[in-house]
Amino acid sequence: MPSDKSIAHRALLFNAMATGSAQITLRRPGADVLSTVQVLSDLGVVAGMEKTDGSVTVTVRGGGTTDAARLAGGGGERMDCGNSGTTMRLLCGALAGRAGTTAAGPAGEAVEASGPRAAELYGDTSLSSRPMERVAGPLRAMGADVATTDGHAPVRVGGHRPLRSMHHALPVASAQVVSAISLAALAAEGTTTIDTPAETRDHTERLLAWLGADVRREGRRTSIKGPARMQARSLTVPGDISSAAAWLVAAALHPDAELRLLDVSLNPSRLAIVDVLREMGTDIKVEAQEALPGGSSPEPVGDLVVRTATTLRPISLGGDRVAPLIDELPLIAVAMAAANGVSELRDAGELRVKESDRIAQVVRHLVAMGVNAEELPDGWRVTGGRRARLVPLPVGTGGDHRIGIAFAIAALSGLTGEALVDDPACIDVSYPGFWEDLEAVSDQTMAGAAR
Ligand code: S3P
């Protein structure tokens with residue numbers, strides 16, 4: 001599997017905010033992760049990049065958290081975040097707390113001699129339509145100079161201002177927002193606490209603590225004590241369970257399959273997809289590794305072994321269960337279409353502000369497959385199990401990698417005829433080599449159907 005996108009962004013960025021240098025090894029990094037490498041390079045903190053055998057090792061050299069000289073310096077007034085919401089949102093928090101250089105004032109006091117120049121973060125059309133005030137608002141409340149363009153990108157992050165620690169209660173369960181605030185909180189004096197309405201992925205908390213910051217996650221609360229100092233540490237980023245999810249669903253729906261997915265991140269906050277597919281009737285084994293390749297890691301790693309589901313049961317999902325599944329929901333919709341009976345998803349309004357409106361897109365494509373699917377304001381209702389229309393399915397992805405992957409798997413699984421994916425390259429955002437992997441796991445007939 002390609003390296004986990006969430007962990008990769010964080011390993012690169014957090015090490016750039018730490019003292020010393022670190023080597024981050026990424027397997028088949030996607031375009032989103034390369035957007036983070038690019039902005040860090042613009043900021044002058046990428047010291048080298050080496051490619052071997054599908055992997056890339058990036059050497060990041062930071063300047064220390066509270067006096068983040070390296071993040072403060074360099075060029076990079078306009079930084080291209082591409083399609084990557086995680087790059088843009090986390091960078092807002094990281095840049096909000098960067099310091100200028102100090103000099104002695106008339107009475108010997110420290111005064112700011114030169115502040116960092118303002119940065120303007122921009123992205124592609126999809127990223128430019130996604131909400132950014134959810135990050136900018138809390139950062140401003142901490143004293144940061146952050147401005148959106150009518151709530152969207154481009155986002156301008158101004159020169160250093162002293163930041164205040166705060167308590168935030170977030171209206172949406174978003175790991176990206178928690179992470180952005182956490183990064184700003186590293187530079188603020190005192191303890192910042194962030195509460196979310198549901199538990200989200202905790203990669204930020206794990207990695208910041210591993211680098212030496214005083215950061216804790218307890219249930220729905222994250223606490224960060226600033227100012228923090230962190231020491232850079234090298235890391236091999238494990239495989240992405242959100243990419244692995246494609247094959248978990250493909251094997252579940254196949255009449256006779258067994259797949260082993262190697263070196264996947266087994267972070268408990270990301271394993272909800274395994275629980276869901278098990279509840280639907282799939283046999284999945286999680287085999288954690290004792291000793292990790294590359295030594296110590298803040299993330300558990302192991303293999304997933306998945307076998308055909310003999311009968312696939314419908315499922316109803318909502319409430320707290322949604323946030324930990326957020327990226328897997330289009331694939332879960334495909335499994336719902338194959339399950340015998342009525343499945344439902346509620347409380348997933350966040351899907352409408354992802355790389356595309358995933359509720360509208362999923363339902364539109366399921367209906368085109370002949371599946372009885374209904375759009376709800378915050379999810380969908382799918383009556384599965386009937387034989388769908390085995391005619392070619394035009395898949396307009398809207399440039400959204402997760403839509404392309406989900407409906408390629410629908411075709412591979414024989415739920416529809418050929419999937420004619422209009423923009424196969426958009427999958428490179430998270431999963432370069434997806435089409436080759438699809439060929440590799442397909443038998444002759446299925447490879448033909450999916451092409
Ligand atoms: C991510 C968090 C999720 C997810 C995205 C990556 C992260 O977004 O959809 O693909 O790395 O923090 P939200 O936290 O905004 O829901």
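One-based numbering, in listed order, for ligands and for the atoms of each. A quick note: this is a predicted structure, and the numbers were derived from the prediction, not measured.
Under the 4.0 angstrom criterion for non-hydrogen atoms, R10 is in contact with ligand 1. The closest approach between any non-hydrogen atom of T200 and ligand 1 is not below 4.0 Å.
Of the charged side-chain nitrogens involved, at least one lies within less than 4.0 Å of a carboxylate oxygen, so that R270 and D240 count as a salt-bridged pair. Taking a cutoff of 4.0 Å between a charged side-chain nitrogen and a carboxylate oxygen, R352 and D357 qualify as a salt bridge. Ionic pairing of R156 and D145 is present here: one or more N-O contacts between side-chain nitrogen and carboxylate oxygen are shorter than 4.0 angstrom. A salt bridge does not link R221 with E205: none of the charged nitrogens is closer than 4.0 Å to a carboxylate oxygen. Electrostatic pairing of D400 and K354 does not count as a salt bridge here, judged by no charged N lying under 4.0 Å from a carboxylate O.
In the vicinity of I326, heavy-atom distances shorter than 4.0 Å reach the ligand 1 atoms 9 (O). Against a heavy-atom cut-off of under 4.0 Å, T86 is close to the following atoms of ligand 1: 6 (C), 11 (O).
Proximity of a side-chain donor or acceptor of D4 to a complementary backbone N or O of S265 within less than 3.5 Å is not detected.
Side-chain contact between Q289 and D303 is present, with at least one heavy-atom pair separated by less than 4.5 Å.
When only non-hydrogen protein atoms are considered, atom 14 (O) of ligand 1 lies nearest to A175 N, 2.7 Å. Annotation: atom 15 (O) of ligand 1 to nearest protein heavy atom, S174 OG, 2.8 Å. Of all protein heavy atoms, the one closest to atom 8 (O) of ligand 1 is K354 NZ, 3.0 Å. Nearest to atom 10 (O) of ligand 1 among the protein's heavy atoms is D327 OD2, 2.9 Å.
The N/O atoms of S6, backbone and side chain alike, include one that comes under 3.5 Å of an N/O atom in ligand 1. Between R201 and ligand 1, no N or O atom pair is found at a separation short of 3.5 Å.
Among S297, P300, S269, the single residue meeting the side chain to side chain contact (heavy atoms under 4.5 Å, CB included) criterion with R206 is P300.
Among E350, Q176, R358, the residue whose heavy atom sits closest to atom 1 (C) of ligand 1 is Q176.
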